Amino acid sequence: MALFREFQAPPECPVFEPSWQDFSDPFSFIRRIREIAENTGICKIRPPQGWQPPFACDVHSFRFTPRIQRLNELEALTRVKLNFLDQIAKFWELQGCKLRFPHVERKLLDLYLLSKLVSAEGGFEVVCKEKRWSRISSRMGFPAGKGVGSLLRSHFERILYPYELFQTGVTLTVSLTPAAAVMTCVSCPPDTEDVDEGIGGGEEEGTDEDEEERRAERRSPRRLKDEVSFSIDLYMCMACGRGDEEDRLLLCDGCDDSYHTFCLIPPLQDVPKGDWRCPKCVAECSKPREAFGFEQAVREYTLQSFGEMADHFKSDYFNMPVHMVPTELVEKEFWRLVSSIEEDVIVEYGADISSKDMGSGFPVRDGKRKLIGDEDEYASSGWNLNNMPVLEQSVLTHISGDISGMKVPWLYVGMCFSSFCWHIEDHWSYSINYLHWGEPKTWYGVPAHAAEQLESVMKKVAPELFDSQPDLLHQLVTLMNPNLLMEHGVPVYRTNQCAGEFVVTFPRAYHSGFNQGYNFAEAVNFCTADWLPIGRQCVAHYRRLQRYCVFSHEELVCKMAADPESLDVELAAAVVRELGDMIEVESRLRAAVQETGVLCSEQEVFELVPDDERQCWKCKTTCFLSALTCSCSPQRLVCLHHAAELCSCAASNKCLRYASDTHSYAVHRCHHVCVCVRRRERPESSAQKAGSKLTVEELKVFVEQLYRLPCVISQARHVRELLESVQDFHERAQAALADETPDSGKLQALLELGSGLELELPELPRLKQELQQARWLDEVRLTLMEPQRLTLELMKRLIDSGVGLPPHHAVEKAMAELQELLTLSEHWEERARACLQARPRHSLLTLESIVMEAKNIPAYLPNVLALRDALHKAREWTAKVAAIQNGNNYAYLEQLEGLLMRGRSIPVRLEALPQVESQVASARAWRERTARTFLKKNSTYTLLQVLSPRVDIGVYGSSKSKRKRVKELLEKECGLELDTLSDLEDSVEDTRDPAAVVAAFKARERQELEAIHSLRAANLAKMALVERIEEVKFCLCRKTASGFMLQCELCRDWFHGVCVPLPKAGSQKKLVSGSKESKFLCPLCQRSRRPRLETILSLLVSLQKLPVRLPEGEALQCLTERAMGWQDRARQALATDELSSALAKLSVLSQRMVELAAREKTEKIINAELQKAAANPDLLISVPSSDQAAPRKQPRKTPLVPRSLEPPVLELSPAAKAQLEELMMEGDLLEVSLDETQHIWRILQATHPPSEDKFLQVMEVRYAVTVHARVSCVHTLTSLSCCAPAA
């Protein structure tokens, strides 16, 4: 059960914003803020505005393998729970049972918490005896009065109690005595509840034959007697020593020992279904867990591929763009996930990448590439993390060699939720982290004074982790919720580090955190003079933990003392103190060793011995000043702190190895260091001895005494000149202090003059105050002269800085003016902000008045400027709408949609916006209605393509390749393209002339007719290629002929029956038999539903009412005019005598075929009734003869109308036939349904003679499929005529 319902953010750490002057010296600035920042452990530093080092990493060659982090394994308490549950599951698995975690009150039971609470109450027996299960239930948060306590007792007894007995070792105390057997039988009563949850058998409910056989063998070891000739006495219980009750005798699958089920502790109720291990085998299998650590990912990433993965993960997880996820939400979700056992979220973190291998994010002078622009400046900056560890004031600069991570920066590539766990830096040093780019990094810090408190809390909350890993906090693998730490009194502070900001951690300050998203950071350690005593304490701490040192602290101090001239003044003084403490401790340790009887001593040059060969055998500390060895093991040595731990040999066999004579070495080094310190401090100390300066009165008395002496002093004249200079300074200072407005230049000159007089002048403090006031007034005056940079924040900062100044009427006047300006600016900013966010929006006139009133405020007001910009956009938008509405032609829909989108984004009430919205909505509705009328379901064509003449005639293939081919065809042709009708510029002048649109449509019509003629001729020419039929391509798939095929009436190409939808005739069999009328057009020729002309005319009527132009509407108008023109020509052709008589003849034949079909249907009904009567025995009496009653098919009575007409039934003149075929082709091109097309098609079908196509014969031989030469010859004239009206 969760300890914290929702994460509460800790207080913020200090944030410092240094000026350019402060920023020039990193260590000096950090030394000044240390007193404040070390109270929180961490702090954030924002560089001055404009300090932005270029990113110097080669993003193309940067490759890394990240670490894998399972979030719920990071948190200490969650990991303890997971380990506990894993051990429980493993224990029961070795017992041949599967653990099913029970549910109580619809929640997963927290077995870990239950175990802890029962243990805290005294154990299972005590809780049962004193009936404390109700208390356990309430402490776990379950409601009272529901009997949860007894349920918890049942689960504990069945799941946890056997495991606790195993942990105590009771299960291993069984012996071969009857008394033991009796003892083991005394246990808690067996559980008789229905075991749906808890401990079960295998995963399946039933057991197979092998499982039954294994259980039988385990129950009765005597069965093995027949197979192996061993004595039955070998199979006896290892607890009670008896071999009776074979059905309760278990055989271990690990060691073949036998146990009665009732002799085990606790006893088993049933024989386990799976493999069973005896208590001794379980104890051997339950080895301690390996130390926890992060795995390396398998995949290697570049910065780009890792960023894509990280952004995809975060956007998918939060279901929103990565930049819109609030940092507070990510923080709460992170701490919820690390505390959750059920949710297993895995992330990756590119951590501890050496900049020596991949290159630093800062510019570096390494000779690999030439620095350009301002890179050279940043390469030499003290804040460049490659330079900071080796600056003059840094201790680490005196360590020879590069220590990765301490002297050489490490790089970190993070993603959302990737984290760094609680830790302190090696040797308790400082660390500094710079975020080059990306999303923020959230930090948590604990000050150094609470470090031991944090360690004790973590050991108290999760002692199991520290039992297996005493140095757990040094492994950077464990988190703990800051809220839990704060509950135990540990002070925790937080901050969000954004791109371009530094975070500094102070010595022994624990810190942790996580990344808000994809980012790139760089970090390094550094040590200042104040770190030296802390570093010595850290070595002593490492000695207690037996942890290896990164470098020798003693060697570092001695090396600095050996070169005092290279030391900074403060660092040199710190080395003097540190060396003195080291000498004192070393002298005491050597004296103690000599008192034990060690007489042998040898000088050793430890600098030449590798670090791993001079580490203390006991505490792993790197020795430098001295070490102790023994002749019994010359390779082993110990530090003097552990002299007694070396070996048990006599003291005479041991030898003290020392670097040099400590006293002479120390005295020599200290002498040089102190000389250096005094030499450097002398100018500074002489200038700061204020207590030794003379006052003006004392100087006057001294001059009087000089001139009263009975002798002449040659220097008296100089002293008098000094007094005159002081008096002159006094007069000038009084005049400057009396000025109504302080003059910074005059005051600065007076301060420099007074400081050089080496006297205690009373005017100097007042001059310094006046100078501060003058500089503040200068800053205010310069700021007010540039209103464009006078922001509200700047005014507040000026007011805040002015509040701390001593009172002065000029300052108070400027403060009053600033405060008035700030109040006025805030008022208008608030009004402007309210107007920008107002719902409903304000009118144009209202906002114009606000902008005009705020126009004269001499300050930078972003909301007022935004409002002014919105007004400008509103005026432009209104003017464009007015120009469009007043133009000669209506605007296109795309123009209005663009205006509508821009108008909605303007925070001003636009009077014309509702009208534009209405027009756009009406036009869209018309276009959707037209699309539903024309377009087929899942059509690949757009409405504009369907309404326009075809440009893709003869183009086959996929939609993508087809579009590419069509584009190429369009580029080759000249003239206006219909597809470009919608690509209009958003201006009235570019509105296209309707006459030009019609002309372009006509041109496309002519091109379409030419293209279809060419295509028909090419497809008909395929029939002459019988000998090379394998080379001819057909159909949409552009493959050779095969199977059942159909011929398109328009393009004359052949199509496989499986590649195109069959016409309305139905199945393939009906098409071949020609039982119904069927006219086949391929999907390329019939692109739409082809509505009737009456439907289209109603759409055009609706279009005329729209005050909007649509490319689809213009195309529909042109299509309608084309269809009506064709209809007129078709009617004129059909009105000729020859064609009208042909239609009349077809009508008569059609009527006869209808009568024939009705007669045949009646005959079928009569025959069916006769067959039913013959099959009914009750009706056989009335039937005189079975032969007479037998139904038979009646022959056809009349030969007037044949069953199927064989064309041709009509004959037309060649000219009339050619005219009809041309009209039929043009009519099939129209995406409109007209009655005239049906009339013409009926006549043409009746005039076609029967023929055996040679091309189809080849197909029949090759594919053994019966097909007709054309679909028109497949169908009978009767079925064709049925669908046509009478002429």
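From a predicted model like this one, the values you see are computed outputs, not experimental measurements.
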query: Any side-chain heavy-atom pair from N483 and L485 closer than 4.5 angstrom?
result: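 Answer no - side chains too far apart.
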query: Is there a side-chain contact between E425 and R508, using heavy atoms and a 4.5 Å cut-off?
result: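 A side-chain contact under 4.5 Å is absent here.
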message: Please identify which of these residues, F514, Y349, W443, meets the ring-ring contact (aromatic ring centres under 6.0 Å, His included) condition with F420.
response: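 Of the listed residues F514, Y349, W443, the ring-ring contact (aromatic ring centres under 6.0 Å, His included) partner of F420 is W443.
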- request: Supply the atom-to-atom distance H423 NE2 to S431 OG, rounded to the nearest 0.5 angstrom.
  value: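 One finds 6.5 Å between NE2 of H423 and OG of S431.
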- request: Nearest 0.5 Å please: distance from the CD atom of E73 over to the CD1 atom of I68.
  value: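 Reported value, rounded in 0.5 Å steps: 11.0 Å.
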- request: Could you tell me which residues satisfy side-chain hydrogen bond (donor to acceptor under 3.5 Å, both in side chains) with Q516, sequence neighbours excluded, listed by chain and number?
  value: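 Only T442 meet the side-chain hydrogen bond (donor to acceptor under 3.5 Å, both in side chains) criterion with Q516.
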message: We want to know whether Y412 and D352 form a side-chain donor-acceptor pair, criterion being a heavy-atom distance below 3.5 angstrom.
response: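 Short answer, yes.
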message: Run the ring pair (Phe, Tyr, Trp, His ring centres under 6.0 Å) test against Y493 and tell me which residues pass, sequence neighbours left out.
response: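 With sequence neighbours excluded, Y493 shows a ring pair (Phe, Tyr, Trp, His ring centres under 6.0 Å) to no residue whatsoever.
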Enclosure of E452 CD (heavy-atom neighbours >12, cutoff 6.0 Å):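 Not buried by this count: 12 neighbours or fewer within 6.0 Å.
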- request: Check the surroundings of atom NE2 in H449: do more than 12 heavy atoms from other residues, nucleotides or ligands lie under 6.0 Å from it?
  value: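 More than 12 heavy atoms, drawn from other residues, nucleotides or ligands, come within 6.0 Å of this atom.
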- request: For K620, check salt bridge (charged side-chain N to carboxylate O under 4.0 Å, His left out) against everything at least two apart and list the hits.
  value: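 Per chain and number, K620 pairs via salt bridge (charged side-chain N to carboxylate O under 4.0 Å, His left out) with no residue.
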task: Before giving the answer on ring-ring contact (aromatic ring centres under 6.0 Å, His included), spell out for Y444 and W335 the whole-Å C-alpha distance, their side-chain angles and the decisive distance to 0.1 Å.
output: CA-CA 12 Å; Y444 303 97; W335 288 111; 5.6 Å; yes
task: Would you sort out whether S418 and N515 count as a side chain to side chain donor-acceptor pair (under 3.5 Å), showing the intermediate values?
output: CA-CA 6 Å; S418 61; N515 296 290; 2.9 Å; yes
